[in-house]
There are 2 protein chains.
Amino acid sequence: MQEKKKIPKSVASRLSLYLREISRLEDEGGDKVSSVELGELTGLTDAQVRKDLSYFGQFGTSGSGYEILKLKNILRDLLGKDNIWHIVLIGAGNIGSALLRYPGFKNQGFIIKEAFDIDQKKIGKCYGEVTVKDVRQINDIEKDRSIKIAIITVPVDSAQDVAEEVTRYGIICILNFSPVILKVDEGVTVRNIDLSNELENFSFILTSAKG
Amino acid sequence: MQEKKKIPKSVASRLSLYLREISRLEDEGGDKVSSVELGELTGLTDAQVRKDLSYFGQFGTSGSGYEILKLKNILRDLLGKDNIWHIVLIGAGNIGSALLRYPGFKNQGFIIKEAFDIDQKKIGKCYGEVTVKDVRQINDIEKDRSIKIAIITVPVDSAQDVAEEVTRYGIICILNFSPVILKVDEGVTVRNIDLSNELENFSFILTSAKG
DNA sequence: AGAGATTTGTGATTTTTTTCACGAAGTAGG
DNA sequence: CCTACTTCGTGAAAAAAATCACAAATCTCT
């Protein structure tokens, strides 16, 4: 049975989690895994695991569980893990430069190909394997149509401008660390990572718990 | 008209966003704001804005909108913004040290009070205003009962251990950057920031779009 | 091969979240 | 004060997500 139905957003956002735990099991020499076990590893219920996995075919075996290798391959396939994705990063400040140095991306098939900043002090610096260029040269990325993903780590005032610029040059996925809602064209996906937001959520929890 | 009903999770996660945009409007000298306008700023529909705000009282004015100052104060109150929250950070690697240097937290009332690492090369170093201590001294935080929030930026293998340790010493909110699901006691809240996860989500989108 | 245990796959149900749509309240201008 | 216009607040409806619960498939053990 092929892709039976369209995979819901909620399920899609968990694929990565499943793959991570499945890969871990494989590394440990595992062979099969049950929905209960996978649920424990991912913090989900067994029913949810089964329902999620059922969206992309039926390949579990009653009585024994899911074959790890098979499941891994399906997840890798869905997530396009055989591709290598090229990324442009704009803003080589604290967070930006940390991401440039972060080795975890490369292992996962994500390569930061270009980095830009507006600050003369940062331009020319090399983090990890990338040299920071002047943001005025950002249209360089237009030549390299393999770059579809941008990471934006610029101050809040320039984030919208940067988003508009990179989408003009072929970017269709943006990981935005700037605390602002980016307005982008249809067809462009934005995911926000807002650290203050996360902390304020704690603040809310801590505050309401006290009351 | 007090807290009418319990605020749903989905709404709680947006409070921070509302406050941010409201504060921005206030800085620009705004006075009133309509649900339509606030919807545009937050990327939500006007209906959702009204519904959300209705969870914590009715203070809009038909025909003219919401009073910015009033709304701001309510949101600040809900989010406990008059408090200052103390944080402990464990793992002063790429991301960890970037967070230590990041000035944005302090402005928002979040202060990283202590930082720990296991690596002798990092211990003793000072980032921002915090000096990294030896993780073996982590029980120091038990003395300072004002620290309720931990940021975990350690490698995946040690994350669970660290989580267990800090919760033993009074932490009840954990911001986890490590790509692993932390098992914590009831009453402890974990929020995960998983960068590879976010990128893989893009990978999924890009892959399925191609098909 | 048969009995009992395990585990999947999935309709049905429940819960949560979002959207709709409209009455009521308020504004503005003459 | 009246008319036309805006905008809120919210029940009701719809959509999305999670949970339940159980028949059917498979496994294990003797």
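Note on naming: letters A, B, ... go to the chains in the order of the sequence lines (proteins, then strands), and numbering restarts at 1 for each one.
Going from atom CG of A/Asp52 over to atom P of D/dA16 covers 16 Å, rounded to whole Å. Atoms NZ (A/Lys51) and C1' (C/dT8) sit 13 Å apart, rounded to a whole Å. Atom CZ of A/Arg50 and atom P of C/dT6 are 14 Å apart (whole Å). Between the CZ atom of B/Phe56 and the P atom of D/dG9 there is a distance of 11 Å, rounded to whole Å. Following rounding to the nearest Å, A/Lys6 (NZ) and D/dA17 (P) show an atom-to-atom distance of 9 Å. Protein atom CD of B/Glu67 is 15 Å distant from nucleotide atom C1' of D/dC8, rounded to whole Å. When rounded to the nearest whole Å, the span between CG of B/Leu38 and P of D/dT6 equals 20 Å. One atom, CG of B/Asp46, and another, P of D/dT6, lie 14 Å apart when rounded to the nearest Å.
Taking every side-chain heavy atom of B/Tyr66 into account, D/dG9 is the closest of D/dG11, C/dT17, D/dG9. Among the nucleotides D/dT10, C/dT19, C/dT8, the one closest to any side-chain atom of B/Thr45 is C/dT19. Each of D/dA12, D/dT26, C/dA21 was ranked by its minimum atom distance to the side chain of A/Thr61; first place goes to D/dT26. Of the candidate nucleotides D/dA24, D/dC8, C/dT17, D/dA24 has the atom nearest to the side chain of A/Ser62.
The aromatic rings of A/Tyr102 and A/Phe105 sit perpendicular to each other, their planes meeting at more than 60°, with 30° as the lower class boundary.
Taking only side-chain nitrogens and oxygens, B/Ser64 never comes nearer than 4.0 Å to OP1 or OP2 of D/dT7. For C/dT18, one of the phosphate oxygens OP1 or OP2 lies less than 4.0 angstrom from a side-chain nitrogen or oxygen of B/Arg14. For the pair A/Ser35 and C/dT8, the criterion of a side-chain N or O lying under 4.0 Å from OP1 or OP2 is met. The phosphate of C/dA25 has neither OP1 nor OP2 within less than 4.0 Å of any side-chain N or O from B/Gln58.
Side-chain contact between B/Leu19 and B/Leu15 is absent, with no heavy-atom pair separated by less than 4.5 Å.
Comparing A/Lys32 and A/Val11, the nucleotide of DNA chain D nearest to each residue sits closer to the 5' end for A/Val11. Residue whose closest nucleotide on DNA chain C sits further toward the 5' end, between A/Ser34 and B/Gln48: A/Ser34.
Contact check on B/Glu164 versus B/Lys183 returns no salt bridge, with no Lys/Arg side-chain nitrogen under 4.0 Å from an Asp/Glu carboxylate oxygen. A/Lys32 and A/Glu67 are not joined by a salt bridge, as no carboxylate oxygen comes within less than 4.0 angstrom of a charged side-chain nitrogen.
Side-chain atoms of A/Arg20 come within 3.5 Å of backbone N or O of B/Pro179 as a donor-acceptor pair.
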